[in-house]
S.K.: 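Quick one: the structure is below, questions incoming.
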Number of protein chains: 2
Amino acid sequence: MTAERTGTSAPAGPPSTRLRNTRQAEALESILREADGFRTAQDLFAELRRRGDRIGLTTVYRHLATLAEQGSADVVHTADGESQYRLCGVPAGTGKPAEDHHHHLVCRQCGRSVEVSGPEVEAWAERVAAAAGYTEISHTLEVFGLCPEHSSTAG
Amino acid sequence: MTAERTGTSAPAGPPSTRLRNTRQAEALESILREADGFRTAQDLFAELRRRGDRIGLTTVYRHLATLAEQGSADVVHTADGESQYRLCGVPAGTGKPAEDHHHHLVCRQCGRSVEVSGPEVEAWAERVAAAAGYTEISHTLEVFGLCPEHSSTAG
DNA sequence: GTAGCTGCAAACAATTTGCACACCG
DNA sequence: CGGTGTGCAAATTGTTTGCAGCTAC
C-alpha cells in the first residue's frame, strides 16, 4: 500500500523530496503551494517559466512524479486524460500529513479544490465489493463542480 | 497548445448508434458484448483483427466515442490514462438502457466488471459539495479490486 | 571532486483527423 | 446513384527517456 511511515516524529525541517536541494525543486514546490487547486504539469511548467524560473518540462514531470510517489502530492486524471497535481500533505508538518485516504472536490473553472473525506464512501466501496466477492479493493473518486465564486446562481 | 474545441456543430439526431448498419459496427458491438469487462480501444481493435474482421483502429475509436456519447457505453480511465470501454445499456433495447448514473467494480486481473449503484455515494457527493458551496456537481468513481476467481485468499 | 539534478530533444503511446474510396440503402 | 462510414497514415498531444553538462554538497 501507500501508507509508508518511516519517521516517528516529523522534524520541523523541509520535506526531503529529493536528495539535493535545487532551485528548480524549490520553485516547483513553491508554485504548487501557491496554487489553490489542481494544475496540470504543463500548466505548472508554463507558470514557472512565466515567473522567470529556469526549469525544464522534464524536471517538472520528474518532481511531480516523485511527489506523487511519496504521497506528498495528489494526482487526478481529467476526462481528457491529463494528469493534474496538487500538494497534499501538510506543508508545515505540525501534526500528521494526510495519512488518511481522502478525495477532492475540484472546481471545473479555477481548479480550486477542497479536501473531503468520506468514510461512508470507503465503507460503501468495501461493502459492494465484498458483496460481489471482490477483494483488495481500491477506488478512485473525483468530484467536480463549480466553486462558490464560479457558481452561476443567476440562471 | 490550448484545447480548442471547434466541433460544435453536432446534428441533434435520434439516439441511434450509427446511421448505417455496417459490418464493422456490428463486429464492434458483438465483441463488446462478448467482453465481460472493460477493454481498451487498442485491445478491442486487436481482438477484432484477430477474429478476422477487417476494421480500422479509427473506426473502433469512432464507434466507441459514439457509444459513449449516447450513453450506450461506459468509459473509465485507468491510472495509465488509457480509456477503457464497456457496453452499458441494454443491447436489444427492449427496455431502457442504463439511464441511471452508476459505477463499476472492475477486476484488476481480468477486467471483468460488475455494475453497482451507490445512491449514498451520490448523496454524499452532493452533501459535501453543498457544504463547500459547490454547485453543478459531477463525479467519477471507479472501484478496482480482484474478482472472486482472481482473489488470492490463500496467502 | 563526485554524483545526483537538469534540460533539450527525440522517443513513445494513445487518440484524432484528412482525404479518397467502398459500401449501404 | 448518393451520402456516409471506413481506413490508412500523418498529425497531435501529453509524458518519458537518453545523454551531456551543471550544480549542490
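Numbered from 1 within each chain, the chains take letters A, B, ... in sequence-line order.
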S.K.: For D:dG5 and B:T59 - does any side-chain N or O of the residue sit under 4.0 Å from the phosphate oxygens OP1/OP2?
M.R.: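 Indeed not, no polar side-chain atom of B:T59 lies that close.
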S.K.: Answer yes when A:R39 and A:E34 have at least one side-chain N-carboxylate O distance shorter than 4.0 Å, and no when they do not.
M.R.: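 No, A:R39 and A:E34 are not salt-bridged.
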S.K.: Please pick, from C:dG7, D:dG5, D:dG7, the nucleotide with the shortest atom-to-atom distance to any side-chain atom of B:Q24.
M.R.: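 Side chain of B:Q24 sits closest to D:dG7.
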S.K.: Of all the nucleotides listed (D:dG7, C:dT6, C:dG7), which has the minimum atom distance to the side chain of A:I55?
M.R.: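 Of the options given, the side chain of A:I55 lies nearest C:dG7.
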S.K.: Determine: side-chain N/O of B:H63 to OP1/OP2 of D:dG5, distance under 4.0 Å, yes or no.
M.R.: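 So the side chain of B:H63 is outside the cut-off, no N or O lying under 4.0 Å from OP1 or OP2 of D:dG5.
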S.K.: Roughly, in whole Å, what's the span from CD in B:Q42 to P in C:dT15?
M.R.: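 It works out to 6 Å between those atoms.
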S.K.: Using the six-membered ring wherever Trp is involved, compare the ring planes of A:W124 and B:H103 and label them parallel, tilted or perpendicular (cut-offs 30° and 60°).
M.R.: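 If you compare the ring of A:W124 with that of B:H103, the planes turn out perpendicular.
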S.K.: Side-chain donor or acceptor of B:T40 under 3.5 Å from a matching atom on the base of C:dA14?
M.R.: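 By the distance-only test, no, there is no pair.
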S.K.: Please test B:S72 against B:E29 for side-chain contact (heavy atoms from CB on, under 4.5 Å), starting from the C-alpha separation and ending with a verdict.
M.R.: CA-CA 10 Å; B:S72 295; B:E29 284 188 39; over 6 Å; no
S.K.: Could you state the atom-to-atom distance from CG of A:L44 to P of C:dG7 in whole Å?
M.R.: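 So the CG-P distance, A:L44 to C:dG7, works out to 14 Å.
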S.K.: Indicate yes or no: does A:R33 engage A:E26 in a salt bridge with an N to O separation below 4.0 Å.
M.R.: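 Not counted as a salt bridge, because no side-chain N and carboxylate O are separated by less than 4.0 Å.
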S.K.: Using whole Å, what does the distance between atom C1' of nucleotide C:dA3 and atom CG of A:N21 come to?
M.R.: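 Spelled out: CG on A:N21 to C1' on C:dA3 is 16 Å.
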S.K.: Let me spell it out: for each of A:V60 and B:A41, pick the nucleotide of DNA chain C with the closest heavy atom. Which residue's pick is nearer the 5' end?
M.R.: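 It is A:V60, whose closest nucleotide lies nearer the 5' terminus.
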S.K.: Just how far, in rounded Å, is P of D:dT13 from CD of B:E82?
M.R.: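 B:E82 atom CD is separated from D:dT13 atom P by 20 Å.
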S.K.: A:D80 CG to D:dT15 P: how many Å, rounded?
M.R.: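 These atoms are roughly 11 Å apart.
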S.K.: Just to confirm, is there a sub-4.0 Å distance from OP1 or OP2 of D:dT4 to any side-chain nitrogen or oxygen of B:T22?
M.R.: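 No.
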S.K.: Within the structure shown, what part of the strands sits under 4.0 Å from A:R54 by heavy-atom distance: base, sugar-phosphate, or nothing?
M.R.: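 Result for A:R54 = sugar-phosphate.
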S.K.: Between the base of D:dC8 and the side chain of B:T58, is one N or O donor paired with an acceptor at under 3.5 angstrom?
M.R.: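 Per atom types, the contact qualifies.
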S.K.: Please state how far atom CD in B:E26 lies from atom P in C:dG25, giving the value in whole angstrom units.
M.R.: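 About 9 Å, once rounded to whole Å.
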S.K.: Check whether any side-chain heavy atom of A:T78 sits under 4.5 Å from a side-chain heavy atom of A:Q84, and report yes or no.
M.R.: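 The answer is yes, as the side chains (C-beta and beyond) meet within the 4.5 Å cut-off.
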S.K.: Given atom CZ of B:R49 and atom C1' of D:dC8, what is their separation to the nearest angstrom?
M.R.: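 To the nearest whole Å, that distance equals 10 Å.
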S.K.: To the nearest 10 degrees, what angle separates the axes at the start and end of the helix from C:dG1-D:dC25 to C:dG25-D:dC1, five pairs each?
M.R.: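 What I find for the helix from C:dG1-D:dC25 to C:dG25-D:dC1 is an axis angle of 30°.
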S.K.: Tell me whether B:R127 is salt-bridged to B:E120, with the criterion being a basic N under 4.0 Å from an acidic carboxylate O.
M.R.: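 Looking at B:E120 together with B:R127, the answer is no, because their closest N to O distance does not fall below 4.0 Å.
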S.K.: Have a look at A:R23 and say if it touches a base, only the backbone sugar-phosphate, or nothing, with a 4.0 Å heavy-atom cut-off.
M.R.: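 A:R23: no heavy atom of the nucleic acid under 4.0 Å.
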S.K.: Tell me yes or no: between the side chains of B:Q42 and B:Y61, is some donor less than 3.5 Å from an acceptor?
M.R.: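 Looking only at side-chain atoms, B:Y61 and B:Q42 do form a donor-acceptor pair, the distance falling under 3.5 Å.
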S.K.: Answer whether the closest heavy-atom distance between the side chains of B:H104 and B:D74 falls below 4.5 Å.
M.R.: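 In short, these two side chains touch, coming nearer than 4.5 Å.
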S.K.: Under 4.0 Å, counting only non-hydrogen atoms across every strand here, what does B:S83 touch: a base, just sugar-phosphate, or nothing?
M.R.: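 Sugar-phosphate contact only.
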S.K.: Considering only side-chain heavy atoms of B:L57, which listed nucleotide, C:dC8, C:dT15, C:dG18, is closest?
M.R.: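 Minimum distance to the B:L57 side chain belongs to C:dT15.
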S.K.: Tell me if the side-chain of A:R62 makes a donor-acceptor pair with the base of C:dG7, cut-off 3.5 Å, by modelled atom types.
M.R.: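 Checked by distance alone, the answer is yes.
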S.K.: Using whole Å, report how far NE2 of B:H77 lies from C1' of D:dG14.
M.R.: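 Between C1' of D:dG14 and NE2 of B:H77: 13 Å.
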